[in-house]
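Report on the structure given below.
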Amino acid sequence: MTSRIDRIAQQRQQKLDRIRACGINPYPHKYHRSHTTHQAIALLEQQEGSSTVEATVVNLAGRVMANRPMGKISFLDIHDSSGKIQLYFHKEHLSEENLGLFKDLDIGDIIGVSGKLFRTKTSEPTLEVENFTLLAKALQPLPEKWHGLSDIDKRYRQRYLDLIANTETKEIFKMRSQVITAIRQFLNQRGFLEVETPVLQPSAGGALARPFVTHHHTLDQDFYLRIALELHLKRLIIGGFDKVYELGRIFRNEGISTKHNPEFTMLESYEAYADYNDVMSTVEEMVSKVSQQILGTDKIEFGGNTLNLKPPWQRISLQQTIEKYSGIDFKKYPDTDSLRNEMLKLKMEVDPQKDRGRLIDELISTFVEPNLVQPTFLLDYPVDMSPLAKTKPDDDRLVERFEAFAGGMEIANAFTELNDPIEQRQRFLKQQEERQAEGEAVETIDQDFLLALEYGMPPTGGLGVGIDRLVMLLTGQQSIRQVILFPQLKEKP
RNA sequence: GGGCCGUUAGCUCAGUUGGCAGAGCACCUGACUUUUAAUCAGGGUGUCACAGGUUCGAGACCUGUACGGCCUACCA
């Protein structure tokens, strides 16, 4: 018994055989197209607006997306990445070879067409096809034309079908590309140098996340995929590049959710002689400029709210904000146990493994984060949870660090970088002891980074921005998988 | 990791109380010289996710598995 899809494939195979039997190559090497479909429509408008511009023959190419036969004539739509255009085929005006080929044409095939542009009586821009070429025969049927492809699993696993069938998907990824371009322009204009640093690292530092491990055969050595860009970029600040950034993929071997993908794109930038106040201005200006450049506005819709990205963003103290939303002033509970007890009073389920920094983090994500819909900077984090940030001049229990939130999501993290090599070493050691005490996996200390710091790093403001989340924000998507072309999924058996 | 929901034709989806497996699109055949999800006539091509169980009889009920979605947990 043949399945339906086998039968369709069989029919297409027969068409392919017929086409080959006519001496036609169904997969030729190239096609010279003179215009995109978008350019062709602009050209038609130009012809119509002028009595001197004569209709000329143009060559277009694209995928056949619709066929409306009407006896001796047929209307087909082809799509290319610029848009779509209608084609008009008149069977009596086609060569014998073209007519035979036309009969074996399917929706999904890619063709090149030449002819003159005109408008039908319903004023649809149309190309009257004088000659056409098969550029690629499709053996699989496309998803349905009206509903598109809505099976979310299939959209991710066969993203090409999602892109063919759903124009909104295409728009999201065009915008993602534009966001990244706009960020590059913004930073380049401000004198930042774009650099590339290693993905494979002997120790994964700069953040606290479980890394992926891999192995280099020739060196017979394990490597980690990077979990942050931080430590290498700071080496470059030490090396004398005053403003550097990297837009790169990082990898964290942790949970997958609507806001987490195991590999994601991070922007990190470092600016010598700046502190976190300078970085704050940069972030709000960058995000608002990028939004204006791409959406034409800095007021965006996200999750049913209108977010105003125009600077200045609200700046609020972490301590006061936690107190405001949870009633807990963590300053009054300087050790882990007293803070945990206070959290238990609120009937929070508190993991006894968590240290003070992680407890505070839990307070942020439970009470604060969902409330930060308008873009907001949360300022001055406890030193316990920020080993790479410099303490405040007047309070060595807090560091000059901020996180930026919008739409209830964390989108950026930044601090005045710790540049005292002795203190940095102590912080790493303290962190390692705590990890060990908790019986958790201990990251090796990046000794080479500590050595670099000993040569002297200027005061520096550092920034990390989750690009995927920023794109979610600007495109109004609630799931990170909608803004990653090929999100991580379990393999189908 | 836990909870809830989903998986039926290539795609989008129906399928009632357990009683012959359905529709639209796509595809095939035919008609049609300006259509726009063209229209009209005819054609159903299926491992009902997978494996068991209950039953005279299971797409439907029960158990397990896989994959996905949402929530939750984890997450600098």
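All values derive from a computational prediction rather than experimental measurement. Chain letters run A, B, ... following the sequence lines, proteins first and then strands; every chain starts at 1.
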Going by purine N1 to pyrimidine N3 plus the second Watson-Crick contact, or the G-U wobble pair, all under 3.5 Å, which nucleotide sits opposite [N]?
N	value
B/C4	B/G69
B/U17	none
B/U35	none
B/G52	B/C62
B/A41	B/U29
B/A9	none

- Note on the structure: Walking RNA chain B from its 5' end, the first of A/Leu105 and A/Ile152 to be reached, judged by nearest nucleotide, is A/Leu105
What distance, rounded to whole Å, do you find between the two [atom1] atoms, one in [N] and one in [M]?
N	M	atom1	value
B/C50	B/A26	P	28 Å
B/G59	B/U7	C1'	12 Å
B/U17	B/G6	P	16 Å

- A/Tyr381 ring centre to A/Arg401 NZ or CZ under 6.0 Å, with the angle to the axis within 45°? yes
Assign [X] to base, sugar-phosphate, or nothing according to its heavy-atom contacts below 4.0 angstrom with the strands shown.
X	value
A/Glu403	nothing
A/Leu489	sugar-phosphate
A/Gly108	nothing
A/Tyr156	sugar-phosphate
A/Arg401	nothing
A/Lys103	nothing
A/Asp106	sugar-phosphate
A/Asp151	sugar-phosphate

Just to confirm, is there a sub-4.0 Å distance from OP1 or OP2 of [N] to any side-chain nitrogen or oxygen of [X]?
X	N	answer
A/Arg481	B/C70	yes
A/Ser150	B/U12	yes
A/Lys145	B/A37	no
A/Arg68	B/U35	no
A/Lys154	B/C11	yes
A/Lys15	B/C28	yes

Starting from [atom2] on [N], measure out to [atom1] on [X] and report it in whole angstrom.
X	N	atom1	atom2	answer
A/Gln158	B/G10	CD	C1'	10 Å
A/Leu208	B/A76	CG	C1'	6 Å
A/Trp146	B/G10	CH2	C1'	20 Å
A/Glu362	B/A76	CD	P	11 Å
A/Leu142	B/U12	CG	P	13 Å
A/Phe89	B/A38	CZ	C1'	17 Å
A/Leu76	B/A37	CG	C1'	15 Å
A/Leu16	B/C27	CG	C1'	17 Å

- Item | Any N/O donor-acceptor pair, A/Glu124 side-chain to B/U35 base, under 3.5 Å | no
- Message: Taking the side chain as everything from C-beta on, heavy atoms only, tell me whether A/Glu284 gets closer than 4.5 Å to A/Pro375.
- Response: no
- Could you check if a side-chain atom of A/Leu470 sits within less than 4.5 angstrom of a side-chain atom of A/Ile183, using non-hydrogen atoms only? yes
Nearest-0.5 Å distance, [atom1] of residue [X] to [atom2] of residue [Y]:
X	Y	atom1	atom2	value
A/Asn166	A/Glu171	CG	CD	12.0 Å
A/Ile484	A/Thr265	CD1	OG1	7.0 Å
A/Ile152	A/Arg157	CD1	CZ	12.0 Å

- Message: Within residues 258-270 of chain A, which residues have any heavy atom lying less than 4.0 Å from an atom of RNA chain B?
- Response: A/Thr258, A/His260
- Task: Please tell me which of the listed nucleotides, B/A76, B/C74, B/C67, lies nearest to the side chain of A/Asp153?
- Result: B/C67
- Message: Among B/G68, B/C27, B/U12, which nucleotide has an atom closest to any side-chain atom of A/Arg157?
- Response: B/G68
Would you confirm whether the ring centroid of [Y] sits within less than 6.0 angstrom of the ring centroid of [X]?
X	Y	answer
A/Tyr88	A/Phe75	yes
A/Phe132	A/Phe89	yes
A/Phe402	A/Phe377	yes

Is [X] salt-bridged to [Y], going by a charged N under 4.0 Å from an acidic O?
X	Y	value
A/Arg12	A/Asp106	yes
A/Asp162	A/Lys170	no
A/Glu417	A/Lys390	no

Which protein N or O atoms sit under 3.5 Å from an N or O of nucleotides 32-34 of chain B?
residue, atom, partner, partner atom, Å
B/C32, N3, A/Gly71, N, 2.9
B/C32, N4, A/Gly71, N, 3.4
B/U33, N3, A/His90, NE2, 3.2
B/U34, O2', A/Lys121, NZ, 3.2
B/U34, O2, A/Lys121, N, 3.3

